[in-house]
Chemist: 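The structure follows.
Keep in mind that what you see is a predicted model, and the values were worked out from it rather than measured.
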Amino acid sequence: MYGLTPFEKNFGFLDPFGDFDSGFFKDGRHVSACRTDIREEDDRYIMESELPGFEKQDISIDISGTSLTLKAEHSEDNSEKDKNGKYIRRERTYGSYQRSFDITGIDADKISADYKNGILIMTLPKKKPDVPVSRRLEIQ
């Protein structure tokens, strides 16, 4: 039990692909998970998603019913050829993310987004609660 602490990777169990993945892609091109922070303010939520290396045109945000889907896709081809047109080195990278969020209780028509320095910041205003209408009923 001494080796099974929550701070060790996989609680001490062997991950057959974890070491391959971390050791093979140490050159910085490995695509990590899309980290997203959501904080609540009085009248809205602020969602910040890390998308480093993506251009604004690589990102799409789709709203369907009560679901918001964030997608980002990027590909890059670094080729070096000699004077005869043969490859000396050719490396290709591809990265994509897709995450969906439940936006029940959000005013979907007023959602806004801004992308700066690899961070997508979305403002999700809360729906105003429906106030019940009171009226007096006339007796006939």
Side-chain angles (χ1 to χ4, degrees):
M1 284 305 279
Y2 291 107
L4 300 177
T5 64
F7 303 105
E8 291 185 70
K9 184 177 180 180
N10 295 326
F11 300 100
F13 295 108
L14 180 62
D15 180 5
F17 299 106
D19 290 333
F20 171 79
D21 185 39
S22 62
F24 192 72
F25 294 104
K26 286 193 182 214
D27 62 356
R29 289 191 196 107
H30 178 63
V31 179
S32 61
C34 175
R35 293 182 176 94
T36 300
D37 298 329
I38 301 172
R39 70 177 185 272
E40 182 176 11
E41 295 183 355
D42 292 334
D43 58 344
R44 64 184 166 218
Y45 294 95
I46 305 296
M47 187 166 82
E48 297 176 339
S49 298
E50 293 181 4
L51 296 168
F54 288 93
E55 298 294 327
K56 187 165 48 171
Q57 61 269 16
D58 297 335
I59 302 168
S60 65
I61 303 167
D62 298 311
I63 299 171
S64 178
T66 59
S67 180
L68 180 142
T69 302
L70 169 61
K71 295 179 193 173
E73 187 172 3
H74 172 73
S75 63
E76 185 177 323
D77 185 0
N78 296 324
S79 299
E80 291 181 19
K81 296 181 181 183
D82 64 10
K83 61 184 175 191
N84 297 325
K86 294 181 181 179
Y87 289 109
I88 296 172
R89 178 181 73 102
R90 182 172 178 169
E91 295 180 0
R92 293 164 300 286
T93 58
Y94 174 82
S96 70
Y97 297 114
Q98 180 171 331
R99 293 201 55 189
S100 293
F101 300 91
D102 180 20
I103 56 170
T104 303
I106 300 296
D107 189 349
D109 295 330
K110 295 182 180 173
I111 295 174
S112 63
D114 190 25
Y115 184 66
K116 289 182 185 173
N117 300 323
I119 306 288
L120 176 68
I121 301 170
M122 295 195 318
T123 303
L124 302 111
K126 295 178 183 179
K127 279 186 182 175
K128 305 263 189 249
D130 292 332
V131 179
V133 178
S134 62
R135 62 186 179 96
R136 185 169 292 215
L137 182 63
E138 294 294 323
I139 303 172
Q140 304 259 340

Chemist: Measure the spacing between CD1 of Ile106 and NZ of Lys127 and express it to the nearest 0.5 Å.
Modeler: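 Rounded to the nearest 0.5 Å, the CD1-NZ separation comes out at 9.0 Å.
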Chemist: Let's go through Ser60 and Asp62 carefully: what are the C-alpha distance in whole Å and the side-chain angles of both, what is the deciding distance for side chain to side chain contact (heavy atoms under 4.5 Å, CB included) to 0.1 Å, and is it a yes or a no?
Modeler: CA-CA 7 Å; Ser60 65; Asp62 298 311; 4.2 Å; yes
Chemist: Would you call Lys126-Glu41 a salt bridge at under 4.0 Å N-O?
Modeler: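 Salt bridge between Lys126 and Glu41, a charged N being under 4.0 Å from a carboxylate O: no.
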Chemist: List the steps and the verdict of side chain to side chain contact (heavy atoms under 4.5 Å, CB included) for Ile46 and Leu124.
Modeler: CA-CA 6 Å; Ile46 305 296; Leu124 302 111; over 6 Å; no
Chemist: Give a yes or no on whether a salt bridge exists between Arg35 and Glu48, defined as a side-chain N under 4.0 angstrom from a carboxylate O.
Modeler: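 A salt bridge is absent here (no side-chain N lies under 4.0 Å from a carboxylate O).
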Chemist: Under 4.5 Å between side-chain heavy atoms, counting indirect links through other Ile/Leu/Val/Met/Phe/Trp/Tyr residues: same cluster for Ile119 and Met47 or not?
Modeler: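 The answer is no; the residues belong to distinct hydrophobic clusters.
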Chemist: Taking all non-hydrogen atoms of both residues, which atom of Ser49 and which atom of Leu70 are closest, and how far apart?
Modeler: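 Looking at all heavy atoms of both residues, the closest pair is OG-CD2, 3.6 Å.
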Chemist: Side-chain heavy atoms nearer than 4.5 Å, only ILVMFWY residues, links allowed to pass through others: does that put Ile38 and Ile111 together?
Modeler: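 Result: yes, single cluster for both.
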Chemist: Return the NZ to CZ distance between Lys110 and Arg44, rounded to the nearest 0.5 Å.
Modeler: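 If we round to the nearest 0.5 Å, Lys110:NZ and Arg44:CZ are 12.5 Å apart.
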Chemist: May I ask whether Tyr97 and Ile63 are part of the same hydrophobic cluster, defined by side-chain heavy atoms of I, L, V, M, F, W, Y residues being less than 4.5 angstrom apart, directly or through others?
Modeler: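 Yes; Ile63 is reachable from Tyr97 via cluster members.
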Chemist: So which heavy atom on Pro125 is nearest to which on Thr123, and how close?
Modeler: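 Taking every non-hydrogen atom into account, CD-O, 3.4 Å.
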Chemist: Apply the test salt bridge (charged side-chain N to carboxylate O under 4.0 Å, His left out) to residues Lys116 and Asp114: give CA-CA distance (whole Å), side-chain angles for both, the deciding distance (0.1 Å), then the verdict.
Modeler: CA-CA 7 Å; Lys116 289 182 185 173; Asp114 190 25; 3.7 Å; yes
Chemist: Quick one: pull up CD in Glu50 and CG in Asp37 and give me the separation to the nearest 0.5 Å.
Modeler: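 Atom-to-atom, Glu50:CD and Asp37:CG are 7.0 Å apart.
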Chemist: Assess the residue pair Leu120 and Ile61 against the criterion (side chain to side chain contact (heavy atoms under 4.5 Å, CB included)); give the C-alpha distance rounded to whole Å, side-chain angles, the decisive distance to 0.1 Å, and a yes or no.
Modeler: CA-CA 11 Å; Leu120 176 68; Ile61 303 167; 4.0 Å; yes
Chemist: Please name the pair of heavy atoms, one in Ala72 and one in Ile59, separated by the smallest distance, quoted to 0.1 Å.
Modeler: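 The answer is CB-CG1, 4.2 Å.
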Chemist: Please report the shortest heavy-atom distance between Ala113 and Met122, naming the atom on each side.
Modeler: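 Closest approach of Ala113 to Met122, heavy atoms only: CB-CG, 3.7 Å.
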Chemist: Find the distance between NZ (Lys71) and CG (Leu51) and round it off to the nearest 0.5 Å.
Modeler: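 Lys71 atom NZ to Leu51 atom CG measures 14.0 Å (nearest 0.5 Å).
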Chemist: Hey, is Glu138 close enough to Arg136 for a salt bridge, meaning N to O under 4.0 Å?
Modeler: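 No.
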Chemist: Quick one: CG on Asp107 to CG on Asp43, what's the gap to the nearest 0.5 Å?
Modeler: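 Result: 11.0 Å between the selected atoms.
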Chemist: Taking the six-membered ring for Trp, are Phe54 and Tyr115 ring centroids under 6.0 Å apart?
Modeler: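 No; Tyr115 has its ring centre 6.0 Å or more from that of Phe54.
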